[in-house]
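Let me begin by presenting the structure, written as structure tokens, before commenting on it.
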Amino acid sequence: MRAAEGTWFVHSHKIEYLYPAFAGEELEVRTWIADVRRVRSLRKYEFIRKGDGKVLVKGETDWVFIHAGERAADGNPR
């Protein structure tokens, strides 16, 4: 197994603000990996108000693996 010769960088974010949250409210944040491809990984997340279970925010971040020496997209680290 070789050490990773690069790192993950954010390619894009998408955030949907559906409802407001207010001071003192307890929130739960859920996050998961939705898709992994050769040099990309899509992570999704949502913010939920614990009092009523309402989803307040939905979002996703598209990550890309960049090879450090060449500053170009490379295969996922092994």
Side-chain angles (χ1 to χ4, degrees):
M1 185 187 300
R2 70 177 174 92
E5 297 173 2
T7 192
W8 291 95
F9 287 92
V10 171
H11 177 260
S12 64
H13 289 295
K14 178 182 176 186
I15 302 171
E16 295 179 74
Y17 297 97
L18 306 171
Y19 297 98
F22 300 99
E25 291 183 323
E26 189 173 349
L27 304 179
E28 178 178 335
V29 179
R30 297 179 184 164
T31 183
W32 63 96
I33 297 170
D35 186 32
V36 176
R37 291 165 275 151
R38 187 171 170 271
V39 296
R40 296 179 97 133
S41 177
L42 181 66
R43 179 171 287 279
K44 293 191 176 190
Y45 43 91
E46 55 189 21
F47 289 64
I48 300 154
R49 184 171 32 234
K50 290 193 88 171
D52 61 6
K54 188 172 276 193
V55 176
L56 306 180
V57 176
K58 288 183 177 182
E60 61 184 46
T61 302
D62 187 27
W63 294 84
V64 64
F65 188 81
I66 302 295
H67 188 272
E70 298 175 19
R71 296 184 183 162
D74 191 12
N76 286 337
R78 294 168 185 46

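If you're wondering where the values come from, they're calculated on a predicted model, not measured in any experiment.
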dist Glu25:CD -> Lys50:NZ (nearest 0.5 Å) comes out at 13.0 Å
Which value, rounded to the nearest 0.5 Å, describes the distance between Phe65 atom CZ and Glu5 atom CD?
8.5 Å
Using a strict 4.0 Å threshold on nitrogen-to-oxygen distance, state whether Arg30 and Glu46 make a salt bridge.
yes
If you count the non-hydrogen atoms of other residues, nucleotides and ligands that lie under 6.0 Å from CD in Glu28, is the total more than 12?
yes
If every non-hydrogen atom of Tyr45 is compared with every non-hydrogen atom of Ile15, which pair is closest and at what distance?
OH-CG1, 3.9 Å
Return the minimal non-hydrogen interatomic distance between Ile66 and Phe9, and the atom names on each side.
CG1-CD1, 3.5 Å
Is it the case that the side chain of Ser41 and the backbone of Asp62 share a donor-acceptor pair, with hydrogens and angles ignored and the cut-off at 3.5 Å?
no
Taking Arg49 for the side chain and Pro20 for the main chain, is one N or O donor matched with an acceptor at less than 3.5 Å?
yes
Shared ILVMFWY cluster between Trp32 and Leu42, side chains joined below 4.5 angstrom?
no
Are Val29 and Leu18 connected in the hydrophobic side-chain network, where two residues link if heavy atoms are under 4.5 Å apart?
yes
State, with a plain yes or no, whether a side-chain heavy atom of Val55 is found less than 4.5 Å away from one of Ile48.
yes
Is Val10 close to Trp63 at the side-chain level, that is, under 4.5 Å between some pair of heavy atoms?
yes
side-chain hydrogen bond (donor to acceptor under 3.5 Å, both in side chains) partner of Thr61, the single match among Arg43, His13, Lys44:
His13
